[in-house]
Amino acid sequence: MACRIIAFDIWGELAHFRRFFTTSSPLTFSFPPPTTVRGIIGAILGLQKNEYIEITNRLSIGIYITSPIRKLRTGLNIIFTKGSGGKFEPTLFKDKKGDVKKTVRTQIQVEFLKDPGYRIFVAGDEKLLDSLLNYLPYHKTEYTVSLGLSECLADFKFAGEFTAEEVEETSEIHSVIPTRKIKNISLSNQIKLAKERIPIYMNAERIVQEYDNIVFETSGKPIKGAFKNVFHIKETGENVHLFTVPSQQMSKRSFEKDAKSG
């Protein structure tokens with residue numbers, strides 16, 4: 001099965017994609033999960049917060065690490081928001097604070113990615129792909145693009161429009177890939193592998209519907225072995241896995257939307 005793919009590179013000085021199991025000392029995923037990539041696409045196209053998830057769920061997403069994964073931890077000062085009455089009070093006035101020492105700020109340790117870079121592959125809905133072609137080649141966006149946090153500003157560059165063919169099995173993979181798509185991995189070449197469990201897609205209420213275990217090479221090198229049901233890009237020779245929202249979930253949302261409008 002052949003499909004049309006649009007690719008763009010995105011990078012920045014810092015990135016933070018918070019792991020769902022961390023709270024007061026946030027840790028970051030090594031790459032943007034598909035849910036985050038959909039938010040980036042929504043920002044480029046100018047989609048509203050209450051609509052971008054449902055719209056971008058029509059797209060399939062591939063993620064290729066182009067810069068070595070490097071992490072650092074630093075302290076961030078955040079406003080102490082508990083007021084004297086025990087209620088939410090995001091103020092810098094000490095006399096309005098609820099603690100004895102009148103704390104204005106509190107510091108937390110946050111993990112960031114240093115100088116991250118990724119190539120994003122987008123396939124699926126033809127109209128959305130056409131819309132992206134009105135922005136990416138001209139370095140245009142409707143909203144500011146960031147890498148996770150709004151403070152982690154990102155830059156991007158259009159990489160091209162390609163044709164990809166789904167293959168039953170390939171001996172090399174360039175993108176991140178779920179463990180269920182791996183038959184075996186060759187460890188003969190010098191590679192550094194890692195595995196993370198990430199969110200795959202959310203519903204319109206922003207509730208994660210699926211998580212998956214993902215394998216990747218930390219420096220961006222291709223992984224050799226045997227990988228099933230991936231897409232081969234004819235023009236570049238890259239093999240990528242595309243994260244796709246299950247069709248039954250899309251059908252369910254469409255049915256619920258039609259039922260409400262009816």
Side-chain angles (χ1 to χ4, degrees), residues 1 3-8 10 15-21 28-29 31-64 118-138 140-150 152 154 156 158 161 164 166 175-178 180-181 196-214 229 231 240-262:
M1 179 183 70
C3 72
R4 174 188 177 200
I5 282 187
I6 289 175
F8 65 95
I10 187 167
H16 177 84
F17 313 112
R18 190 176 71 84
R19 296 196 183 199
F20 53 86
F21 54 83
T28 180
F29 290 114
F31 56 90
T35 50
T36 302
V37 174
R38 297 181 191 282
I40 292 172
I41 293 172
I44 293 172
L45 296 178
L47 302 176
Q48 299 299 313
K49 187 176 181 179
N50 61 349
E51 66 177 358
Y52 85 88
I53 294 177
E54 186 171 1
I55 293 175
T56 59
N57 273 350
R58 304 170 192 167
L59 298 170
S60 299
I61 305 295
I63 304 159
Y64 174 17
Y118 311 95
R119 174 162 291 185
I120 305 299
F121 300 93
V122 187
D125 189 287
E126 292 290 334
K127 290 184 178 179
L128 287 178
L129 295 183
D130 289 338
S131 296
L132 280 173
L133 288 177
N134 291 327
Y135 289 88
L136 293 174
Y138 311 103
K140 291 170 49 181
T141 69
E142 292 294 334
Y143 301 127
T144 302
V145 176
S146 62
L147 291 170
L149 299 179
S150 59
C152 300
F156 66 92
F158 180 59
E161 181 179 3
E166 186 175 16
S175 70
V176 305
I177 187 169
R180 55 187 168 80
K181 292 294 187 74
E196 293 180 0
R197 186 169 179 81
I198 66 170
I200 302 302
Y201 72 94
M202 299 187 296
N203 62 17
E205 288 72 40
R206 303 178 67 84
I207 299 173
V208 176
Q209 300 297 292
E210 181 183 338
Y211 294 91
D212 211 344
N213 295 312
I214 308 300
N229 301 117
F231 285 82
V240 300
H241 168 76
L242 295 179
F243 295 95
T244 303
V245 176
S247 57
Q248 62 268 26
Q249 294 293 331
M250 293 298 297
S251 299
K252 180 180 178 181
R253 276 196 297 276
S254 298
F255 174 79
E256 291 175 346
K257 185 176 181 180
D258 293 341
K260 290 179 181 179
S261 61

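Count residues from 1 along the sequence.
- For the atom pair Glu126 CD and Arg58 CZ, the distance stands at 13.0 Å (nearest 0.5 Å).
- When all heavy atoms of Gly46 and Glu142 are compared, the pair lying nearest together is CA-CB, 3.3 Å.
- In this structure the side chain of Ile44 reaches within 4.5 angstrom of the side chain of Val145, judged on heavy atoms.
- Rounded to the nearest 0.5 angstrom, Ser175 OG and Phe31 CZ are separated by 9.5 Å.
- What you find for Pro33 and Phe17 is that their closest heavy atoms are CD-CB, 4.1 Å.
- With rounding to the nearest 0.5 angstrom, the CG atom of Leu129 is 11.5 Å from the CG atom of Asn134.
- Of the options Arg197, Arg180, Lys181, a side chain to side chain donor-acceptor pair (under 3.5 Å) to Asp212 is made by Arg180 and by none of the others.
- Each of Pro34, Pro246, Pro199 was compared with Glu210 under the side chain to side chain contact (heavy atoms under 4.5 Å, CB included) criterion, and only Pro246 meets it.
- Side chains of Val37 and Ile63 form a contact here, defined as non-hydrogen atoms less than 4.5 Å apart.
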For this session: Please assess Gln209 against Asn57 for the test side chain to side chain contact (heavy atoms under 4.5 Å, CB included), listing each intermediate value before the final yes or no.
Result: CA-CA 12 Å; Gln209 300 297 292; Asn57 273 350; over 6 Å; no
For this session: Tell me, with the steps shown, if Val176 and His241 meet side chain to side chain contact (heavy atoms under 4.5 Å, CB included).
Result: CA-CA 7 Å; Val176 305; His241 168 76; over 6 Å; no
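- By the 4.5 Å heavy-atom criterion applied to side chains, Glu196 and Ile214 are not counted as neighbours.
- Scanning both residues, Thr56 and Gly42, for their nearest heavy atoms gives CG2-N, 4.4 Å.
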For this session: With side chain to side chain contact (heavy atoms under 4.5 Å, CB included) as the test, would you mind laying out the steps for Leu133 and Phe158 before giving the verdict?
Result: CA-CA 9 Å; Leu133 288 177; Phe158 180 59; 3.8 Å; yes
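- The shortest non-hydrogen separation linking Asn203 to Ile53 is O-CG2, 3.5 Å.
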Exercise. When you look at Tyr52 and Leu45, which way does the side chain to side chain contact (heavy atoms under 4.5 Å, CB included) test go after all the steps?
Worked result: CA-CA 9 Å; Tyr52 85 88; Leu45 296 178; over 6 Å; no
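- Counting only heavy atoms from C-beta outward, the side chains of Ser60 and Phe121 never approach each other to under 4.5 Å.
- Ring planes of Phe20 and Phe29: tilted class, angle from 30 to 60°.
- To the nearest 0.5 Å, atom OG1 of residue Thr141 and atom CD1 of residue Ile41 are 13.5 Å apart.
- Checked by atom type and distance alone, the side chain of Arg38 pairs as donor or acceptor with a backbone atom of Leu59 at under 3.5 Å.
- Distance alone, capped at 3.5 Å, is enough to place a donor-acceptor pair between the Arg19 side chain and the Thr28 backbone.
- Looking at Arg4 and Asp130, a side-chain N of the basic residue comes within less than 4.0 Å of a carboxylate O on the acidic one, giving a salt bridge.
- For Thr144 against Ala43, the heavy-atom pair with the smallest separation is O-CB, 4.2 Å.
- Atoms CG and CG, from Asn229 and Leu242 in turn, are 11.5 Å apart once rounded to the nearest 0.5 Å.
- The environment of OH in Tyr138 is sparse: at most 12 heavy-atom neighbours from other residues, nucleotides or ligands sit within 6.0 Å.
- Taken from CD1 in Ile40 to OH in Tyr118, the straight-line distance is 9.5 Å, to the nearest 0.5 Å.
- Closest heavy-atom contact between Met202 and Arg206: SD-O, 3.8 Å.
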